[in-house]
**Q** 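If you scroll down you'll find the structure; I have some questions about it.
Scope of the values below: all heavy atoms of this structure, side chains included, with no hydrogens, waters or symmetry mates.
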Amino acid sequence: MGQTPNRSTDRIYLSPPHMAAEARANLLRAFDSNWVAPVGPDLDAFEREFAESVGSQYAVAVSSGTAALHLALRLAGVGPGDFVPVSTLTFVAPANAIRYTGATPIFVDSEWESWNMDPAKLRQTLEFLRQTHRTAKAVVAVDAFGQCADYAPIRQVCEEYDVTLIEDAAESLGATYGDRNAGSLGDIGCFSFNGNKMITTSGGGMLVTDQQNWAEKARFWSTQARDPAPHYEHSETGHNYRLSNLLAAVGRGQLKALKSRVERRREIYAWYREHLGGLPGLQFIPEAAFGQSSCWLTCVLIDPELFGVTNEQVRLALEDQNIESRPCWKPMHWQPLFADCEATGGKVSEKIFERGLCLPSGSQMTPHDLQRVAQVIRSMASQTVVS
Ligand SMILES: *Cc1c(COP(=O)(O)O)cnc(C)c1O
């Protein structure tokens with residue numbers, strides 16, 4: 001096929017799948033064993049190995065991160081008429097999952113230290129709900145771009161208001177908070193293995209918890225809530241949310257590579273900082289002192305006054321060189337879908353959206369790829385000649 005001018009080099013994607021050789025071998029082995037449905041030895045082993053790697057007692061493998069979030073909310077007892085505080089700076093999945101239960105999201109702004117849920121604003125939100133005689137049974141805190149939220153104060157607020165804390169760790173697999181792993185910081189943790197996450201199984205998710213009854217219930221609901229009987233007997237609403245054994249086999253191979261994937265993404269973040277950190281008006285997503293980010297996506301904020309051009313102009317210049325980049329999450333309180341929902345604060349997430357750009361961060365990026373990205377960004381900055 002013909003190539004357009006300016007696009008003579010391979011496309012650099014934001015965060016493409018990075019498949020481990022062992023994942024492929026596992027997939028073929030599972031295929032040949034005929035355990036191709038959502039039941040089998042790899043599914044059980046993937047759950048065990050994943051729980052161990054996160055440091056949680058139990059893991060339940062499901063078909064997506066969104067499914068894990070939906071089950072987590074149900075476990076917390078969330079239903080019609082409830083209000084669920086959730087980070088506003090996020091991919092839409094947790095807010096959608098709240099709606100699936102019939103509850104209403106109420107959006108909580110970020111803090112600058114981590115770009116994640118501001119614990120003080122969470123407290124305000126729960127207090128506001130209490131004052132207005134509304135119930136909150138759960139909070140969903142999102143670890144955006146791979147960095148944990150500040151869970152010590154968030155936990156404390158959740159305990160005070162007696163709500164279940166759900167950690168959306170879809171982007172932070174492999175990150176830490178103090179000596180704990182992302183996903184184990186709330187009462188329930190949710191992960192995603194979709195194509196652009198830290199590890200992928202093509203599609204998939206995981207729910208982790210230390211509560212055995214919750215893990216068993218989640219597994220029960222994820223397989224259409226079939227009561228024990230020789231025929232099909234049902235007394236609760238279930239879902240078809242279970243992960244295929246084939247994809248669990250892929251997941252086991254991918255999980256073994258996780259450590260090296262995190263190392264590489266952290267190197268990429270450090271590389272960008274080292275090579276672009278000095279540009280005026282360019283600021284990197286901070287790494288909070290409380291832990292290590294998975295560095296899923298390296299994000300920058302671009303101040304057009306100092307940098308000379310806007311984040312959108314940089315995005316278009318990268319696109320022109322066949323390099324994919326993306327604005328940071330548009331806050332949920334700004335989405336048409338949630339126009340009727342309440343929010344606490346919003347200025348921090350709005351600024352991150354207005355100025356932010358996610359740079360290519362895939363764990364297979366080469367030094368040459370990084371140079372290509374940096375070159376474009378440097379050339380844009382140099383348009384402002386500081387006299
Ligand atoms: C990707 C993602 C999800 C959803 O994962 P799926 O597996 O695509 O359903 C949930 N929350 C956040 C923050 C995500 O980035």
**Q** Decide, yes or no, whether a salt bridge links Arg266 with Glu263 under the criterion of side-chain N to carboxylate O below 4.0 Å.
**A**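 Judged by the 4.0 Å cut-off on N to carboxylate O distance, Arg266 and Glu263 do not form a salt bridge.
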
**Q** Taking the side chain as everything from C-beta on, heavy atoms only, tell me whether Val108 gets closer than 4.5 Å to Ser87.
**A**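 No. Closest side-chain heavy atoms not under 4.5 Å.
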
**Q** Between Asp340 and Arg99, does at least one N-O distance fall below 4.0 Å, as a salt bridge requires?
**A**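 Between Arg99 and Asp340 there is a salt bridge, with a charged N closer than 4.0 Å to a carboxylate O.
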
**Q** Taking the side chain as every heavy atom from C-beta outward, state whether Val314 and Ser325 have any atom pair closer than 4.5 Å.
**A**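 SC-SC contact between Val314 and Ser325 ruled out.
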
**Q** Can you list every ring-ring contact (aromatic ring centres under 6.0 Å, His included) pair that touches residues 66-109, not counting sequence neighbours?
**A**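 Counting only pairs at least two positions apart or across chains, the ring-ring contact (aromatic ring centres under 6.0 Å, His included) contacts touching residues 66-109 are His70-Tyr100, His70-His239, His70-Tyr241, Phe91-Trp329, Phe107-Phe338.
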
**Q** Is the closest basic N to carboxylate O distance between Lys197 and Glu171 below 4.0 Å?
**A**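 Salt bridge absent between Lys197 and Glu171.
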
**Q** Can you pull out every ring-ring contact (aromatic ring centres under 6.0 Å, His included) where at least one residue sits in residues 116-137? Sequence neighbours excluded, please.
**A**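 Those involving residues 116-137 do not exist here.
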
**Q** Quiz question: by atom type and distance under 3.5 Å, do the side chains of Asp187 and Thr164 form a donor-acceptor pair?
**A**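 No - no donor-acceptor pair under 3.5 Å links their side chains.
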
**Q** Can you check whether Tyr58's main-chain N or O pairs, donor with acceptor, with Ser56's side chain at less than 3.5 Å?
**A**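 Pair absent, no side-chain N/O of Ser56 close to backbone of Tyr58.
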
**Q** With a 4.0 Å cut-off on N to O distance, would you call Arg219 and Glu47 a salt bridge?
**A**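 Yes.
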
**Q** Is it true that Gln335 and His333 share a donor-acceptor pair across their side chains at a distance under 3.5 Å?
**A**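 No, because no side-chain N or O of His333 sits under 3.5 Å from a partner of the opposite role on Gln335.
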
**Q** Does any part of the side chain of Leu246, heavy atoms only, come nearer than 4.5 Å to the side chain of Trp35, both counted from C-beta?
**A**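 In short, these two side chains do not touch, never coming nearer than 4.5 Å.
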
**Q** Does NZ or CZ of Arg226 come closer than 6.0 Å to the centre of the six-membered ring of Tyr232, within 45° of the ring's axis?
**A**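 Yes, Arg226 and Tyr232 form such a contact.
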
**Q** Looking only at heavy atoms, what is the nearest atom pair of Ala59 and Val208, with distance?
**A**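 In this case the closest contact between Ala59 and Val208 is CB-CG1, 4.0 Å.
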
**Q** Is it true that, when you exclude Gln375 itself, more than 12 heavy atoms of the residues, nucleotides or ligands shown sit nearer than 6.0 Å to its CD?
**A**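 At most 12 heavy atoms, drawn from other residues, nucleotides or ligands, come within 6.0 Å of this atom.
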
**Q** Please evaluate residues Asp227 and Ser235 with respect to the criterion side chain to side chain donor-acceptor pair (under 3.5 Å), reporting the C-alpha separation (whole Å), side-chain torsions for both, the decisive distance (0.1 Å), and the verdict.
**A** CA-CA 7 Å; Asp227 294 334; Ser235 48; 2.7 Å; yes

**Q** State whether the side chain of Tyr269 and the backbone N or O of Ile285 hold a donor-acceptor pair below 3.5 Å, judged by distance alone.
**A**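 At least one qualifying donor-acceptor pair exists.
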
**Q** So, for Gly55 and Arg180, which heavy atoms are closest and what is the spacing to 0.1 Å?
**A**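 Here Gly55 and Arg180 meet closest at O-NH2, 3.9 Å.
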
**Q** Does a side chain donor of either Arg11 or Asn322 reach within less than 3.5 Å of an acceptor in the other side chain?
**A**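 Yes, a side-chain donor-acceptor pair sits under 3.5 Å.
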
**Q** Going by atom types alone, do Ser293 and Arg265 pair a side-chain donor with an acceptor below 3.5 Å?
**A**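 Checked: Ser293/Arg265 side chains show no N/O donor-acceptor pair below 3.5 Å.
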
**Q** Identify the heavy atoms of Arg29 and Arg252 that sit nearest to each other, and give their distance.
**A**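 Result for this residue pair: NH2-NH1, 4.3 Å.
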
**Q** If you compare all heavy atoms of Thr104 against all heavy atoms of Ile98, which two are closest, and at what distance to 0.1 Å?
**A**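 In this case the closest contact between Thr104 and Ile98 is C-CG2, 3.8 Å.
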
**Q** Are the side chains of Cys190 and Ile166 in contact, using a 4.5 Å heavy-atom criterion?
**A**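 A side-chain contact exists here, since the closest heavy-atom pair is under 4.5 Å.
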
**Q** Salt bridge or not between Arg155 and Asp150? Use side-chain N to carboxylate O under 4.0 Å.
**A**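 Looking at Asp150 together with Arg155, the answer is no, because their closest N to O distance does not fall below 4.0 Å.
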
**Q** Starting from the C-alpha separation in whole Å, work towards a yes-or-no answer on side chain to side chain donor-acceptor pair (under 3.5 Å) for His231 and Glu233.
**A** CA-CA 6 Å; His231 58 276; Glu233 177 82 8; 2.8 Å; yes

**Q** Parallel, tilted or perpendicular: which fits the ring planes of Trp112 and Trp115, with parallel below 30° and perpendicular above 60°?
**A**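 Correct class here is perpendicular.
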
**Q** Kindly say whether Lys121 contributes a backbone atom to a donor-acceptor pair with the side chain of Thr125 at under 3.5 angstrom?
**A**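 The answer is yes, because a donor-acceptor pair under 3.5 Å joins these two groups.
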
**Q** For Asp369 and Thr366, does a side-chain donor sit closer than 3.5 Å to a side-chain acceptor?
**A**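 Asp369 vs Thr366: donor-acceptor pair found between side chains.
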
**Q** So, using side chain to side chain donor-acceptor pair (under 3.5 Å) as the criterion, who are the partners of Glu216 when residues are at least two apart?
**A**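 Scan of Glu216 (side chain to side chain donor-acceptor pair (under 3.5 Å), adjacent residues dropped) gives Gln212.
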
**Q** Which heavy atom of Ala20 sits nearest to which heavy atom of Gln254, and what is that distance?
**A**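 Heavy-atom minimum between the residues: N-OE1, 2.8 Å.
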
**Q** Under the 3.5 angstrom rule, does the side chain of Ser172 hit a backbone N or O of Gly146 as a donor-acceptor pair?
**A**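 No; judged by distance alone, with no hydrogens or angles, the pair does not exist.
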
**Q** Does any N or O in the side chain of Asp210 come within less than 3.5 Å of the main-chain N or O of Gln57, such that one atom is a donor and the other an acceptor?
**A**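 Indeed, once roles are kept as given, a pair shorter than 3.5 Å links the two residues.
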
**Q** Indicate yes or no for a side-chain donor-acceptor contact from Asn194 to the backbone of Gly203 under 3.5 Å, with no hydrogens or angles considered.
**A**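 No, Asn194 side chain to Gly203 backbone: no donor-acceptor pair under 3.5 Å.
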
**Q** Tell me if the OH atom of Tyr13 is crowded by more than 12 foreign heavy atoms within 6.0 Å.
**A**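 No.
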
**Q** Return yes if a side-chain donor-acceptor contact under 3.5 Å exists between Ser349 and Asp109, otherwise no.
**A**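 On atom types as modelled, these side chains qualify, holding a pair under 3.5 Å.
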
**Q** Between Cys358 and Cys328, is there a side-chain heavy-atom distance shorter than 4.5 Å?
**A**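 They are in contact (side-chain heavy atoms under 4.5 Å apart), so the answer is yes.
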
**Q** Taking the side chain as every heavy atom from C-beta outward, state whether Asp118 and Leu122 have any pair of such atoms under 4.5 Å apart.
**A**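 The answer is no; the side chains never approach within 4.5 Å.
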
**Q** Show me the pairs that pass salt bridge (Lys or Arg N to Asp or Glu O under 4.0 Å) and involve residues 130-145, at least two apart or across chains.
**A**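 Every pair satisfying salt bridge (Lys or Arg N to Asp or Glu O under 4.0 Å) with a residue in residues 130-145: Asp82-Lys137, Arg134-Glu342.
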
**Q** For the pair Glu312 and Arg315, find out whether any cationic side-chain nitrogen is under 4.0 Å from an anionic carboxylate oxygen.
**A**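 Yes.
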
**Q** What pairs with Glu160 under side chain to side chain donor-acceptor pair (under 3.5 Å), at least two apart in sequence or on another chain?
**A**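 Counting only residues at least two positions away or on another chain, Glu160 forms a side chain to side chain donor-acceptor pair (under 3.5 Å) with Arg123.
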
**Q** Under the ring-ring contact (aromatic ring centres under 6.0 Å, His included) definition, can you give me all pairs with a residue in residues 180-216, not counting sequence neighbours?
**A**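 Counting only pairs at least two positions apart or across chains, the ring-ring contact (aromatic ring centres under 6.0 Å, His included) contacts touching residues 180-216 are Phe46-Phe193, Phe50-Phe191, Phe50-Phe193.
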
**Q** Please determine whether the number of non-hydrogen atoms from other residues, nucleotides or ligands lying under 6.0 Å from atom CG of Asp32 exceeds 12.
**A**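 More than 12 within 6.0 Å, yes.
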
**Q** Using a strict cut-off of less than 4.0 Å between a Lys/Arg side-chain nitrogen and an Asp/Glu carboxylate oxygen, indicate whether Lys217 and Glu236 qualify as a salt bridge.
**A**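 Result for this pair is yes, salt bridge flagged.
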
**Q** Side chain of Thr209, backbone of Gln211: donor and acceptor closer than 3.5 Å?
**A**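 Confirmed, Thr209 side chain pairs with Gln211 backbone.
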
**Q** Determine yes or no for a side-chain-to-main-chain donor-acceptor pair under 3.5 angstrom, with Thr88 supplying the side chain and Pro331 the backbone.
**A**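 No, because the side chain of Thr88 does not come within donor-acceptor range (under 3.5 Å) of the backbone of Pro331.
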
**Q** Could you tell me whether the side chain of Gln224 reaches within less than 4.5 Å of the side chain of Asn240, counting heavy atoms only?
**A**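 Asn240 vs Gln224: side chains touch.
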
**Q** With side-chain contact (heavy atoms from CB on, under 4.5 Å) as the criterion, how do Thr310 and Ile302 come out once you've worked through the C-alpha distance, each side chain's angles and the decisive distance to 0.1 Å?
**A** CA-CA 6 Å; Thr310 64; Ile302 294 170; 5.9 Å; no

**Q** Heavy atoms only: give me the nearest Phe353-Pro327 pair and the separation to one decimal.
**A**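 Closest approach of Phe353 to Pro327: CE1-CB, 4.3 Å.
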
